[in-house]
Amino acid sequence: MSKATKRKHVVKELLEDYVKPTEDQHIMRVLGSNGNNLHEAVTGSGERYLVSMPTKFRKNLWIKRGDFVIVDPIKEGEKVKGEISFILYRDHIQYLRKLGVWPAGFQEDRTSDDRNEGTPKESERKTKEEDDSDSEDDDSDLFVNTNRATVLYSESEEETDEEEEEEDEGRA
């Protein structure tokens, strides 16, 4: 089987299949990569393990910090305690929540919109943004890079005063 055909089948299997973890499998969140296809992951109860990426996923699929995976435990492993059997994406997570098999320890890991929906500052900010932009310019479905810190820029009054003074001098 060629590399392209293998990649096509692996990606198709991952995106189209909806799996339910068995009794001995765990849903885990990836905390980071330790190199050599080993990843540190944590269960919903807070246990940390090293898990390995199987060869069928290597160089075909990538996972990053914060992604969720289904892990098969390795009973005889001393350092590496599991192997990734499935990578969960947004649709898979919603499916598992509907089934009621999503771990309670990960229930608070919703999108930022769901988490901050009740806070007044967030709702005020949303209404201001909606007033400023058209409905066509909605960026809520764009990819958010979780590896970068979110920085909010605001213009101070000093900058606007200086700009007005420069404009007044230019007119005179």
Side-chain angles (χ1 to χ4, degrees), residues 1-123 125-126 138-152:
M1 184 182 304
S2 71
K3 288 182 182 181
T5 306
K6 176 185 171 190
R7 180 179 298 130
K8 180 177 77 171
H9 288 294
V10 169
V11 171
K12 184 178 179 182
E13 173 190 337
L14 190 72
L15 294 177
E16 292 180 358
D17 292 348
Y18 288 89
V19 298
K20 182 177 176 183
T22 61
E23 292 179 9
D24 57 335
Q25 290 178 330
H26 300 286
I27 296 175
M28 301 181 84
R29 181 194 303 136
V30 176
L31 297 177
S33 175
N34 288 3
N36 203 19
N37 293 304
L38 295 176
H39 300 277
E40 186 175 359
V42 64
T43 63
S45 60
E47 299 175 53
R48 291 179 173 225
Y49 299 153
L50 269 181
V51 295
S52 67
M53 174 85 76
T55 55
K56 74 176 188 176
F57 291 153
R58 295 177 189 172
K59 297 184 181 178
N60 292 326
L61 300 169
W62 290 268
I63 57 175
K64 64 183 185 318
R65 187 178 1 165
D67 284 350
F68 291 96
V69 294
I70 295 178
V71 175
D72 290 322
I74 299 174
K75 293 181 175 72
E76 63 273 358
E78 291 180 25
K79 290 184 180 179
V80 180
K81 303 248 182 195
E83 184 176 51
I84 298 171
S85 64
F86 200 81
I87 300 170
L88 299 172
Y89 290 107
R90 181 182 300 154
D91 297 336
H92 301 115
I93 293 170
Q94 290 173 352
Y95 173 73
L96 292 173
R97 282 190 174 139
K98 286 180 185 176
L99 291 178
V101 295
W102 192 251
F106 296 140
Q107 288 297 337
E108 69 275 354
D109 295 328
R110 303 264 177 153
T111 60
S112 60
D113 294 339
D114 295 341
R115 214 179 2 220
N116 295 329
E117 197 169 293
T119 60
K121 291 180 184 177
E122 191 69 27
S123 61
R125 190 178 304 148
K126 284 181 185 177
D138 186 22
D139 295 337
S140 63
D141 60 341
L142 290 178
F143 171 75
V144 177
N145 188 352
T146 58
N147 296 324
R148 301 272 183 192
T150 305
V151 180
L152 298 175

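For residues 67-81, every residue pair satisfying the salt bridge (charged side-chain N to carboxylate O under 4.0 Å, His left out) rule, not counting sequence neighbours, is listed here: K64-D67. Screening residues 51-60 for salt bridge (charged side-chain N to carboxylate O under 4.0 Å, His left out), with sequence neighbours left out, gives E13-K56.
Side-chain atoms of V71 and Y49, non-hydrogen and from C-beta on, never get closer than 4.5 Å to each other.
Atom CE of M53 and atom CG of N60 lie 10.0 Å apart (nearest 0.5 Å). Summarising the geometry, atom CD1 belonging to I27 is positioned 5.0 Å from atom CH2 belonging to W102; distances are rounded to the nearest 0.5 Å.
Residues meeting the side-chain hydrogen bond (donor to acceptor under 3.5 Å, both in side chains) test with D17, sequence neighbours left out: none. Legend: residues meeting side chain to side chain contact (heavy atoms under 4.5 Å, CB included) with H92, ordered by chain and number and at least two apart, are Y18, F86, L88, Y89.
R97 and F106 get closest at one heavy-atom pair: NH2-O, 3.7 Å.
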Side-chain donor-acceptor distances from residues 35-44 under 3.5 Å, at least two apart:
residue: E40; atom: OE2; partner: R48; partner atom: NH1; Å: 3.0
residue: T43; atom: OG1; partner: S45; partner atom: N; Å: 3.4
residue: T43; atom: OG1; partner: S45; partner atom: OG; Å: 3.0
residue: T43; atom: OG1; partner: G46; partner atom: N; Å: 3.4
residue: T43; atom: OG1; partner: E47; partner atom: N; Å: 3.1

